[in-house]
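Scroll down for the structure; my scribbles are underneath it.
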Amino acid sequence: AMTLPNTDPLSGTYQALRLYQQLLAFHQNDADPIAYVVNDLDRLALIRQVGTAPADRLPNEADLYRQTLTRQITRYKNNLAEAEYILALVQLLAENGQERPTPRRRYTMPDQEANVPSADSARRGDRKQAAELARDLIARFPNTTPAQTARPLLDNLLRPSLGVDVEEANEPGKPFRARVTFQNTPTLFYKILRVTAEEARMLAQFDDYETDPKRDKWFAAVQNHPVVAQEQLTLPDDGDLHSHSVEVPVKGLPLGYYVLLVSNEGKWAKPSAGTAEVVSVGTFAVSNLSYVMAGGNYGDNREEKTIYV
């Protein structure tokens, strides 16, 4: 039971919670508990919603919500009502452990990825537990609305993603590193192709590489160039369904422009193929030239700058 902190009769939240308490009391002894469960979950959702502001947030709010759902799951074991509470817990755990927006793109570029802080170490196991609960829910209550809702949640938790970052310019003949960010990807395929300067620039000029109609033509042209390096690597995977990153060593290359492609399958299907393969693209140059920019704001083209090459 919860004591309402606000007793202002003009408060909409106060009145709503009072109504939920009355509804729960009315349905408490129903033979079919589903009406009680639906109202209880709506009540809990309202409490979480009004507590989103730091000043209104309850101490250990997420833990209290998690404990309440777990207690109700035990109470309604093997009843359809249990499925409703399991679904709510799956949603909570997936939300708690989420490091960044769920990857939905088949083709990604490093600068399109959100820079979101890592999840709290205490929540590292939440996504894995969410997936386990979702599987259990689907297996035991396969034809229910909670199971249908859990399926896309499970797909999102298990969906692979890949991103690659490489320095824009590297010294000729000297090994360098590329950083690969991955999630749910046990094997990495990568290859490096030498391209023209124009082809390297074209990638940055696409308004949206995922939807630009010229992407297939560009990708096909790139694939016709010689492969100067390729490899298949096993990525570390602790099964927590979180994003991780590793540095991949790349051998020294001669002067020129290059495209680095990474994939979870190594089939290199064209972007519009619509397959499950995830491909990330990065471009870089190997050059003896470097420059330093002095004066003015780097991002402001209106200010005068001096460039030393």
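- With salt bridges taken as basic N to acidic carboxylate O contacts below 4.0 Å, one links Arg43 and Asp40.
- In terms of heavy atoms, Ala276 sits closest to Glu265 at C-OE2, 4.1 Å.
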Check: How far apart are the C-alpha atoms of Gln223 and Lys191, what are their side-chain angles, what is the distance that settles it, and do they pass the side chain to side chain contact (heavy atoms under 4.5 Å, CB included) test?
Finding: CA-CA 10 Å; Gln223 295 279 37; Lys191 63 180 179 179; 2.8 Å; yes
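- Side-chain atoms of Arg194 come within 3.5 Å of backbone N or O of Leu255 as a donor-acceptor pair.
- Closest approach of Gly239 and Asp237 over heavy atoms only: N-OD1, 2.9 Å.
- Note: Tyr36 and Tyr76 have tilted aromatic rings, judged against thresholds of 30 and 60 degrees for the angle between ring planes.
- The shortest side-chain heavy-atom distance between Gln22 and Arg18 falls under the 4.5 Å cut-off.
- In terms of heavy atoms, Tyr190 sits closest to Pro249 at OH-O, 3.6 Å.
- Cluster membership for Leu69 and Ile34, using ILVMFWY side-chain heavy atoms within less than 4.5 angstrom, is not shared.
- A donor-acceptor pair under 3.5 Å is formed between the side chain of Glu82 and the backbone N or O of Asn78.
- In this structure, the separation between CG on Leu235 and CG on Leu162 is 7.5 Å, given to the nearest 0.5 Å.
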Next item on the list: Give the C-alpha distance, both sets of side-chain angles, the deciding distance and a yes or no for side chain to side chain contact (heavy atoms under 4.5 Å, CB included) between Leu87 and Thr145.
Entry: CA-CA 10 Å; Leu87 175 61; Thr145 299; over 6 Å; no
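- Side-chain atoms of Asp240 do not come within 3.5 Å of backbone N or O of Arg124 as any donor-acceptor pair.
- The 12-atom threshold is exceeded at CZ of Phe176, counting heavy atoms of other residues, nucleotides or ligands nearer than 6.0 Å.
- Considering Ile138, Ile73, Thr70 as possible partners of Ile86, the one that fulfils the side chain to side chain contact (heavy atoms under 4.5 Å, CB included) test is Ile73.
- The backbone N or O of Leu157 sits less than 3.5 Å from a side-chain atom of Asn184, completing a donor-acceptor pair.
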Margin query: Would Val281 and Trp218 count as a side chain to side chain contact (heavy atoms under 4.5 Å, CB included) here? Give the steps.
Written below: CA-CA 12 Å; Val281 184; Trp218 178 88; 3.8 Å; yes
Checklist line | Pair Leu203-Val259, side chain to side chain contact (heavy atoms under 4.5 Å, CB included): steps then yes or no | finding: CA-CA 10 Å; Leu203 181 62; Val259 165; 5.7 Å; no
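- Note that CG of Leu153 is 11.0 Å distant from CG of Leu158, once rounded to the nearest 0.5 Å.
- With Glu277 contributing its side chain and Lys267 its backbone, the two residues share a donor-acceptor pair below 3.5 Å.
- Looking only at distances, no side-chain donor or acceptor of Thr185 sits under 3.5 Å from a matching main-chain atom of Phe182.
- Looking at every heavy atom in both residues, Leu137 comes nearest to Ala150 through CD2-CB, 3.7 Å.
- In this structure, Arg151 CZ and Thr149 OG1 are separated by 9.5 Å, a value rounded to the nearest 0.5 Å.
- Here Phe189 contributes atom CZ and Leu261 contributes atom CG; the two are 13.5 Å apart, rounded to the nearest 0.5 Å.
- Residues Val248 and Glu231 form no side-chain contact, since every pair of their non-hydrogen atoms from C-beta on lies 4.5 Å or further apart.
- A salt bridge links Glu198 with Arg201; the closest basic N to acidic carboxylate O contact falls under 4.0 Å.
- In this structure, Leu19 is not a member of the same hydrophobic cluster as Leu17, with clusters built from ILVMFWY side-chain heavy atoms closer than 4.5 Å.
- Side-chain contact, Arg159 with Ser161: no donor N or O sits under 3.5 Å from an acceptor N or O.
- With a 6.0 Å radius and a threshold of 12 heavy atoms from other residues, nucleotides or ligands, Asn143 has its CG atom at or below the threshold.
- When the side chains of ILVMFWY residues are joined at heavy-atom separations under 4.5 Å, either directly or via intervening members, Val227 and Val279 end up in a single hydrophobic cluster.
- Proximity of a side-chain donor or acceptor of Thr74 to a complementary backbone N or O of Gln72 within less than 3.5 Å is not detected.
- With contacts defined as side-chain heavy-atom distances shorter than 4.5 Å, the pair Tyr85/Leu41 qualifies.
- A pairwise comparison of heavy atoms in Gly266 and Ser263 identifies N-OG, 2.8 Å as the closest pair.
- Nearest heavy atoms, Leu193 versus His225: CD2-O, 3.4 Å.
- Counting non-hydrogen atoms of neighbouring residues, nucleotides and ligands closer than 6.0 angstrom, the CD atom of Glu132 exceeds 12 such neighbours.
- Taking a 6.0 Å sphere around CZ of Arg177, one finds it holds 12 or fewer heavy atoms contributed by other residues, nucleotides or ligands.
- A single hydrophobic cluster is seen to contain both Leu233 and Leu260, as judged by linkage of ILVMFWY side chains at heavy-atom distances under 4.5 Å, directly or through other members.
- Here Lys174 contributes atom NZ and Leu253 contributes atom CG; the two are 14.0 Å apart, rounded to the nearest 0.5 Å.
- Looking at heavy atoms from C-beta onward, Met202 lies out of side-chain contact with Lys217 at the 4.5 angstrom threshold.
- No continuous path of hydrophobic side-chain contacts links Val38 to Phe26 [ILVMFWY only; heavy atoms under 4.5 Å].
- Taking the side chain as every heavy atom from C-beta outward, Asn288 and Pro172 approach each other to under 4.5 Å.
- Heavy-atom contacts from other residues, nucleotides or ligands closer than 6.0 Å to CD of Glu167 number 12 or fewer.
- The distance from the NZ atom of Lys128 to the CG atom of Leu93 is 13.5 Å, given to the nearest 0.5 Å.
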